[in-house]
Amino acid sequence: MESHHPLTPAEDEPVPEGHKSGFVALAGRPNVGKSTLLNALLQQKIAIVTPRPQTTRSRQLGILTTSTYQIVFVDTPGLIKPRHKLDEAMMETAQAALLDADVILWLVEASEPPGPADRIIAEQLRGLREAKVILALNKSDLLPPEKVTTAVEAYRALLPDAPWILLSALKGQGCEELQQLLVDALPEGPRYYPTEQVTESYVREIAAELIREQLFLQLREEVPYGSVVRVEEFKEREDGSAYINAVIYLERDSHKRIVIGHKGEQLRQIGAAARIEIEKLTEGKVFLDLWVKVEPHWRQNERAVKRFGYG
């Protein structure tokens, strides 16, 4: 398949004969474990993970390179029916990734029977003639052995021609076998990214996501969904530490009060937990300066959605 990505081969060491490469889009409904799987395959955290659905908002590239192949994973937002401008931008991102992929990895939740959203996604995937589709039944660790056959048959009925695999991204079970399935499905091609590169995102972008991750982990209800984080300043210091100034934007004043908490305690907890994750990423000390501002109804505002980097 011709890639729509404006990429040229990376200026890196020569690739061997028969080298395989291509783009693998992770598709599925929200909260099936796409980001968890991406981190597991890369053996490094580049995508935020929470128990809440619709955590992923934008395209996240993860690059897995060996001596004989390079897989460029594209983690996308879960496929949903849009409710506002942010959702529309997210779905445009997801659809573009599917159209651009050499292989689509359709991730489903093995421990749950197929629902209406799974049937809609399967119908969309059947309409994509050029890309190969692999069905991955995730969260198999939650599936009792006596229910395996029923679960597999239910999902395979939606996409009968797709190769399939049972796995648990959280436990790391089946990841090696999945990797081999993906390599077998990829075309021969060049290396698009340097060998050591793991993602296309800048550290400041991942840092913003790690802060947003803590909003989902520490807060309830609607507050995290109406939040967006922008890193306004990122300075690397001579001693190897980094200074980060970030703003959490929220839709309502009441949400701002929740995020800040009594005497700023909630905001301090969010900052402390995010800083630990960012320090794992940067492998150095981080000074994190967090602020909170209100941007009313930004998810409904197309200009605001674009200003915050979506779509």
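One-based numbering along the sequence shown. None of these values were measured; they are calculated from a predicted model.
Centroid-to-centroid, the aromatic rings of Phe308 and Trp298 come within less than 6.0 Å. In this structure, Phe234 has its ring center no closer than 6.0 Å to that of Tyr243. Remark: aromatic rings of Phe23 and Phe73 are distant, center separation not under 6.0 Å.
With a 6.0 Å radius and a threshold of 12 heavy atoms from other residues, nucleotides or ligands, Glu265 has its CD atom above the threshold. Glu17 CD: 12 or fewer foreign heavy atoms inside a 6.0 Å radius. Other residues, nucleotides and ligands contribute over 12 non-hydrogen atoms within 6.0 Å of the CZ atom of Arg230. Atom CD of Glu176 has 12 or fewer neighbouring heavy atoms from other residues, nucleotides or ligands inside a 6.0 Å radius. Other residues, nucleotides and ligands contribute more than 12 heavy atoms inside 6.0 Å of the CD atom of Glu232.
Considering every non-hydrogen atom in both Gly22 and Leu186, the closest pair reads CA-CD2, 3.8 Å. The shortest non-hydrogen separation linking Ala162 to Val133 is CB-O, 3.4 Å. Across every non-hydrogen atom of Gly62 and Leu38, the tightest pair is CA-CD1, 4.1 Å. Of all the heavy atoms in Gly28 and Trp106, the pair that sits closest is CA-CD1, 4.1 Å. The two residues Val32 and Arg29 come nearest to each other via the heavy atoms CG2-O, 3.3 Å. Here the shortest heavy-atom pairing between Lys45 and Leu281 reads O-CD1, 4.3 Å.
Taking 4.5 Å as the limit, every side-chain heavy atom of Val247 sits out of range of all side-chain heavy atoms of Val292. With a 4.5 Å cut-off on side-chain heavy atoms, Val24 and Val72 do not count as touching. Between Arg156 and Leu135 there is a side-chain heavy-atom pair separated by less than 4.5 Å. Taking 4.5 Å as the limit, some side-chain heavy atom of Ser21 sits within range of a side-chain heavy atom of Pro190.
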- Item | Chi angles and distances behind the side-chain contact (heavy atoms from CB on, under 4.5 Å) call for Ile63, Val198 | CA-CA 5 Å; Ile63 305 155; Val198 179; 5.6 Å; no
- Would you sort out whether Lys293 and Ile248 count as a side-chain contact (heavy atoms from CB on, under 4.5 Å), showing the intermediate values? CA-CA 6 Å; Lys293 295 182 180 180; Ile248 300 170; over 6 Å; no
- Query: Could you walk me through whether Val294 and Tyr249 pass the side-chain contact (heavy atoms from CB on, under 4.5 Å) check?
  - Reply: CA-CA 5 Å; Val294 176; Tyr249 288 91; over 6 Å; no
- side-chain contact (heavy atoms from CB on, under 4.5 Å) between Leu219 and Gln266, worked out: CA-CA 9 Å; Leu219 301 174; Gln266 182 64 72; 3.8 Å; yes
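Between Glu277 and Lys280 there is a salt bridge, since a side-chain N of the basic residue sits under 4.0 Å from a carboxylate O of the acidic one. We find that Arg119 and Glu123 are not joined by a salt bridge, their nearest charged nitrogen and carboxylate oxygen being 4.0 Å or further apart. Classification of Lys139 and Glu109 as a salt-bridged pair holds, one side-chain N sitting under 4.0 Å from a carboxylate O. The existence of a salt bridge linking Asp102 and Lys132 is excluded, since no basic side-chain nitrogen approaches an acidic carboxylate oxygen closer than 4.0 Å. The pair Glu295-Arg307 counts as a salt bridge, with a side-chain nitrogen and a carboxylate oxygen less than 4.0 angstrom apart.
The cationic group of Arg299 does not satisfy the cation-pi geometry with Tyr225, failing either the under 6.0 Å distance to the six-membered ring centre or the 45° limit from the ring axis.
One side chain, Gln179 or Tyr69, offers a donor N or O that lies under 3.5 Å from an acceptor on the other.
Taken together through direct or relayed side-chain contacts under 4.5 Å among Ile, Leu, Val, Met, Phe, Trp and Tyr, Val108 and Leu170 form parts of separate hydrophobic clusters. Taking hydrophobic clusters as Ile, Leu, Val, Met, Phe, Trp and Tyr residues chained together by side-chain heavy-atom distances below 4.5 Å, Leu42 shares a cluster with Leu167. Connection of Leu290 to Val203 is established within a shared hydrophobic cluster, with ILVMFWY side chains joined at heavy-atom distances below 4.5 Å, either directly or through further cluster members. Cluster annotation: Leu142 is not connected to Leu107 through the hydrophobic network of ILVMFWY side chains, with a link wherever side-chain heavy atoms come within less than 4.5 Å. Side-chain heavy atoms closer than 4.5 Å link hydrophobic residues (I, L, V, M, F, W, Y) into clusters, and following such links, possibly through other members, connects Ile121 to Leu158.
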